[in-house]
Amino acid sequence: MQFVDEASIIVEAGKGGNGCLSFRREKYVPKGGPDGGDGGHGGTVYLIGDDALNTLIDFKYQRFYKAQNGQPGMGRQMSGRAGEDLHVKVPVGTTVIDEDTLEVIADVTEIGQVVPVAQGGRRGLGNIHFKSSTNRAPRRTTPGTEGERRNLRFEMKVMADVGLLGMPNAGKSTLIRAVSAAKPKVANYPFTTLVPNLGVVKLGQHEHFVMADVPGLIEGASDGAGLGLRFLKHLTRTRLLFHVVDVAPFDESDPVEAAEAIIHELGEFSPALAELPRWLVLNKLDLLPAEEREAVADEIIRRLGWEGPVFRISAISSDGTDALVQAAYRWITEQRRLENEDEEAAERAREMRARMEDEAVARTEARLGRKRKRDDEVDDDDFDDDDYDVEVEYAP
């Protein structure tokens, strides 16, 4: 199945049913009076989080969703049937944005979470409501109101415990293949990974965590260069980042400069995301002579001024990967325990996630605003004053 993490759709709530103009007609009842019933309310459009979905691909093919209209009222004071609500399933981790206002309507982060996105129209009133002592035969009714219509944009962020961060060709896809059942494409050229990949890392019968591999970043990613801005947002839902560094790049570039560029882009995209716990994973040590590996690794750590956890691995041969995932599982388990037992720790985690979400949303809104401005400039067909400043030459 193709992974799609962005989609635009149109939702329209149902129209409310009109009120009925009717008078009671019965044998032997010459003056029955008004008995027009009310219309039914229009159906509302809701989004509901579903853990069975992991892509927005369905919304690429079906873009219009409409709830049912309410039925009009009838005589004998019978109200019309209300329109059925429409529940649209979306993946957990979907951010909903109003494309017209760029307002973030909701963030679907829980299974079964229900979010109203288009309110159904209100019912119209039948003429029975307008009967009074001075108006015994009212001919007045009210129509049902139109349902709300919205242009929505969905942006999905994968839900994972660990996110892999690094330059293209750093070996992130190879690492996730080595420690999980995920089988992303692996090749010896940049941008092999074009979409995020999720893998479940299993250590025992009930011991596992989820790892996310996103496309590699390049300098300028936080401003939209390469694939970075579209996929940096996925890292805002993780607890821990593995910063994967290629210690022996095939183009002989400097691993330290590459690592520093990634750290810079992370901070530019979201300062809160840059504060997320991050471990340094030095990969592809097998490409170096055995006697040089420790010295090269120590030099990279020294030049980076790195003080956090460091792991030396070779993903392709799985050397060192067991120690890495075991340490990650212990750290994640401890974090969950702290959040469950310590309310202050849980509040700090919530605040951190909220900051990352807010910053990611701000970046997204800015990107959409720039895109809209570019589109407006391309579509600008207005005549300016100088459009009429032409020279006319008359020929005999």
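Remember, predicted model here, so these are calculated numbers, not experimental data.
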Tell me whether Asp51 is salt-bridged to Lys89, with the criterion being a basic N under 4.0 Å from an acidic carboxylate O.
no
Taking all atoms of both residues into account, what is the closest heavy-atom pair of Met352 and Ala272, and its distance?
SD-O, 3.5 Å
Would you check if the side chain of Asn340 reaches a backbone N or O of Arg336 as a donor-acceptor pair within less than 3.5 Å?
yes
Rounded at 0.5 Å granularity, tell me how far CG in Leu203 sits from CZ in Arg330.
9.5 Å
Quick one: which of Gln119, Lys15, Arg123 gives a side chain to side chain contact (heavy atoms under 4.5 Å, CB included) with His41?
Arg123
Which distance, rounded to the nearest 0.5 Å, do you find between the CD1 of Ile316 and the OG1 of Thr321?
12.5 Å
Assign the ring pair Trp331 / Trp279 to parallel, tilted or perpendicular, where the plane angle (0 to 90°) is split at 30° and 60°.
perpendicular
More than 12 heavy atoms from other groups under 6.0 Å of CZ on Arg76:
no
Contact between Phe242 and Met211 at the side-chain level, heavy atoms closer than 4.5 Å - yes or no?
yes
Answer yes or no: is there an ion pair linking Arg153 with Glu155, defined by an N-O contact shorter than 4.0 Å?
yes
Name the orientation class of the two ring planes belonging to Phe154 and Phe59 (parallel below 30°, tilted from 30 to 60°, perpendicular beyond 60°).
perpendicular
Kindly indicate whether the side chain of His243, heavy atoms from C-beta on, has any atom under 4.5 Å from the side chain of Ile262.
yes
Indicate yes or no: at least one non-hydrogen side-chain atom of Arg150 is less than 4.5 angstrom from one of Ile10.
no
Checking side chain to side chain contact (heavy atoms under 4.5 Å, CB included) between Leu282 and each of Val296, Ile313, Val310, which is the one that passes?
Val310
Can you name the closest pair of heavy atoms from Arg140 and Leu21 and give their distance?
N-CD1, 4.4 Å
Take Val117 and Tyr46, measure what side chain to side chain contact (heavy atoms under 4.5 Å, CB included) needs, and give me the verdict at the end.
CA-CA 6 Å; Val117 291; Tyr46 295 93; over 6 Å; no
Identify whether Leu241 and Val256 are in the same connected component of the hydrophobic contact network (ILVMFWY, side-chain heavy atoms under 4.5 Å).
no
Interatomic distance, CG@Leu287 vs CD@Glu292, rounded to 0.5 Å, equals 12.0 Å
Examine Trp306 and Phe311 and state if one hydrophobic cluster contains both, with Ile, Leu, Val, Met, Phe, Trp and Tyr joined whenever side-chain heavy atoms are less than 4.5 Å apart.
no
Residue pair Val96, Asp107: steps toward the side chain to side chain contact (heavy atoms under 4.5 Å, CB included) verdict:
CA-CA 6 Å; Val96 186; Asp107 210 4; over 6 Å; no
Basic-acidic side-chain contact under 4.0 Å: Arg355, Glu275:
yes
Any donor-acceptor pair under 3.5 Å from Lys202 side chain to Val179 backbone
no
Would you say the side-chain atoms of Ser79 and Asp38 include a donor-acceptor pair closer than 3.5 Å?
no
For Glu339 against Ala349, the heavy-atom pair lying closest together:
OE2-CB, 3.4 Å
Is it the case that over 12 heavy atoms from other parts of the model lie below 6.0 angstrom from the CD atom of Glu341?
yes
Looking at every non-hydrogen atom in both residues, tell me the closest pair between Thr238 and Val162 and how far apart they are.
CG2-C, 4.0 Å
Nearest atoms (heavy-atom pairs only) where Arg239 meets Ile332
CD-CG2, 4.3 Å
Would one find more than 12 heavy atoms of other residues, nucleotides or ligands at under 6.0 Å from atom CD of Glu334?
yes
Mark yes or no for whether Asp161, through its side chain, and Val210, through its backbone, hold a donor-acceptor pair below 3.5 Å.
yes
Straight-line distance of Thr174 OG1 to Leu164 CG, nearest 0.5 Å:
10.5 Å
Can you find a pair of side-chain heavy atoms, one from Val11 and one from Arg149, that are under 4.5 Å apart?
no
Are there more than 12 heavy atoms of other residues, nucleotides or ligands under 6.0 Å from atom CZ of Arg139?
no
Measure the spacing between CG of Leu152 and OG of Ser8 and express it to the nearest 0.5 Å.
9.0 Å
Ignoring hydrogens, what is the shortest heavy-atom contact between Lys60 and Arg63? Give both atom names and the distance.
O-NE, 3.8 Å
Is a donor on one side and an acceptor on the other found under 3.5 Å between the side chain of Asp85 and the backbone of Val45?
no
If two hydrophobic side chains count as joined below 4.5 Å and joins carry through other members, does Leu240 share a cluster with Leu280?
no
Greater than 12 external heavy atoms within 6.0 Å of Arg81's CZ
no
Would you say the side-chain atoms of Arg312 pair up with the backbone N or O of Leu285, donor to acceptor, closer than 3.5 Å?
no
If hydrophobic clusters are built from ILVMFWY residues whose side chains come within less than 4.5 Å, do Leu56 and Ile105 share one?
yes
Without swapping roles, check the side chain of Thr94 against the backbone of Val90 for a donor-acceptor pair under 3.5 Å.
no
Exercise: do Ser317 and Asp319 side chains pair donor with acceptor under 3.5 Å
yes
Under the criterion side chain to side chain contact (heavy atoms under 4.5 Å, CB included), which of Thr141, Thr142, Asn18 is the partner of Leu125?
Thr142
Can a donor-acceptor pair be found, under 3.5 Å and without considering hydrogens, that links the side chain of Asn127 to the backbone of Ser22?
yes
Do NZ/NE/NH1/NH2 and the carboxylate oxygens of Glu351 and Arg348 come within less than 4.0 Å?
no
With no hydrogens and no angle check, is any side-chain donor or acceptor of Ser132 less than 3.5 Å from a backbone partner on Asn135?
yes
Using modelled atom types and a 3.5 Å cut-off, is there a donor and acceptor pairing between side-chain atoms of Asn69 and backbone atoms of Gly42?
no
May I ask you to check whether Asp246 and Asn283 show a side-chain donor-acceptor distance below 3.5 Å?
no
Could you go through Val325 and Phe209, starting from their C-alpha distance and side-chain angles, then the distance that decides it, and tell me whether this counts as side chain to side chain contact (heavy atoms under 4.5 Å, CB included)?
CA-CA 9 Å; Val325 297; Phe209 63 88; 4.1 Å; yes
For the side chain of Gln113 and the backbone of Glu110, is there at least one donor-acceptor N/O pair under 3.5 Å apart?
yes
